[in-house]
Amino acid sequence: MTTPKEIFDTKIPARLSEKPQLAGQINNSFQFELTGDGGGNWYIDLTGGTGNVAEGNLESPGVTIGMSASDFVDLVEGRLDGQMAFMQGKLKIKGDMSLALKLQQVLG
């Protein structure tokens, strides 16, 4: 099974290198707080024209996304709809809601 670490280490950087214009279009940052097995904190920083994906915390992200690690994997792999997850309380968003909607372009 895919883990959040694999997604942040390989899948998202590959997506950003395929579509380098995304960083400039979005020009903001995302913090992920994933709970449960395989969880942890990661961020995607798309400011400054390049995409930086790493484990850890940003000082002031544009939006913070909180969810379980397994739901995150399901979301990225298309088994969980982001809007449904939000409505069901599986996905918590702090910050700019419109920014959270742009995340789908990065996650693929």
Side-chain angles (χ1 to χ4, degrees):
M1 187 180 127
T2 305
T3 66
K5 183 167 176 43
E6 289 174 279
I7 291 168
F8 286 106
D9 285 352
T10 56
K11 193 168 188 161
I12 295 171
R15 177 90 174 151
L16 291 172
S17 68
E18 285 166 23
K19 299 199 169 205
Q21 72 277 15
L22 282 178
Q25 289 169 355
I26 295 173
N27 193 30
N28 218 310
S29 57
F30 304 88
Q31 178 71 52
F32 294 85
E33 297 172 350
L34 306 180
T35 59
D37 205 21
N41 292 348
W42 284 270
Y43 63 85
I44 302 172
D45 186 357
L46 302 178
T47 60
T50 59
N52 182 24
V53 182
E55 198 163 350
N57 295 297
L58 284 172
E59 199 160 304
S60 52
V63 67
T64 301
I65 288 127
M67 63 193 311
S68 76
S70 60
D71 284 343
F72 174 75
V73 171
D74 286 348
L75 179 76
V76 172
E77 295 192 341
R79 292 186 298 264
L80 179 66
D81 178 72
Q83 288 178 317
M84 286 300 295
F86 180 75
M87 307 275 259
Q88 295 168 346
K90 292 180 176 182
L91 171 61
K92 307 243 187 305
I93 297 171
K94 285 183 265 181
D96 186 340
M97 182 67 90
S98 64
L99 189 56
L101 296 172
K102 294 180 180 177
L103 191 57
Q104 198 56 46
Q105 299 169 59
V106 178
L107 298 179

Please round to the nearest 0.5 Å and tell me the distance separating atom [atom1] of [X] and atom [atom2] of [Y].
X      : Y      : atom1 : atom2 : answer
Ile12  : Ser17  : CD1   : OG    : 12.0 Å
Ile26  : Leu103 : CD1   : CG    : 7.5 Å
Asp45  : Asn27  : CG    : CG    : 9.0 Å
Lys102 : Leu99  : NZ    : CG    : 6.5 Å
Leu16  : Lys11  : CG    : NZ    : 13.0 Å
Asp37  : Ser70  : CG    : OG    : 8.5 Å

Using a 3.5 Å distance criterion without hydrogens, assess whether the side chain of [X] forms a donor-acceptor pair with backbone atoms of [Y].
X      : Y      : value
Ser29  : Gly62  : yes
Gln104 : Leu101 : no
Thr10  : Ile7   : no
Arg15  : Gln105 : yes
Lys92  : Gly89  : yes

Is it true that atom CE of Met1 has more than 12 heavy atoms of other residues, nucleotides or ligands lying nearer than 6.0 Å? yes

Can you establish whether the number of heavy atoms outside Gln21 located under 6.0 Å from its atom CD is more than 12?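 Enclosed.
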
One pair to check against side chain to side chain contact (heavy atoms under 4.5 Å, CB included): Gln25 and Lys19. What are the steps and the verdict? CA-CA 10 Å; Gln25 289 169 355; Lys19 299 199 169 205; over 6 Å; no

Closest approach of [X] to [Y] (non-hydrogen atoms, all atoms of both residues):
X     : Y     : result
Pro61 : Thr64 : CG-OG1, 3.5 Å
Met67 : Lys90 : CB-O, 3.2 Å
Leu91 : Gly82 : CD2-O, 3.4 Å
Pro13 : Phe8  : CD-O, 3.2 Å
Leu80 : Leu75 : O-CD1, 3.3 Å
Gly51 : Ala23 : N-CB, 4.1 Å

Assess the residue pair Thr3 and Glu6 against the criterion (side chain to side chain contact (heavy atoms under 4.5 Å, CB included)); give the C-alpha distance rounded to whole Å, side-chain angles, the decisive distance to 0.1 Å, and a yes or no. CA-CA 5 Å; Thr3 66; Glu6 289 174 279; 3.3 Å; yes

Restricting to pairs with a member in residues 84-108, which pass ring pair (Phe, Tyr, Trp, His ring centres under 6.0 Å), not counting sequence neighbours? none

Counterpart residues, ring-ring contact (aromatic ring centres under 6.0 Å, His included), relative to Phe30 (two or more places apart):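 With neighbours one apart ignored, the set is empty.
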
Let's go through Glu33 and Trp42 carefully: what are the C-alpha distance in whole Å and the side-chain angles of both, what is the deciding distance for side chain to side chain contact (heavy atoms under 4.5 Å, CB included) to 0.1 Å, and is it a yes or a no? CA-CA 7 Å; Glu33 297 172 350; Trp42 284 270; over 6 Å; no

Group every Ile, Leu, Val, Met, Phe, Trp and Tyr by side-chain heavy-atom contacts under 4.5 Å, then state whether Val63 and Leu107 land in the same group.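 Hydrophobic grouping puts Val63 with Leu107.
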
Please tell me whether Met84 and Met97 are part of a single hydrophobic cluster in this structure, the criterion being side-chain heavy atoms less than 4.5 Å apart.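 No, no single cluster joins them.
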
Who passes side chain to side chain donor-acceptor pair (under 3.5 Å) against Thr2, sequence neighbours left out? Glu77

Side chains of Asn41 and Gln31: do they bring a donor and an acceptor to under 3.5 Å?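 Side-chain D/A pair, Asn41 to Gln31: absent.
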
Are Phe32 and Tyr43 close enough that their ring centres sit under 6.0 Å apart?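 Between Tyr43 and Phe32, which both carry aromatic rings, the centre distance is not below 6.0 Å.
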
Audit row: Ile44, Asn52, side chain to side chain contact (heavy atoms under 4.5 Å, CB included) steps and yes/no: CA-CA 6 Å; Ile44 302 172; Asn52 182 24; over 6 Å; no

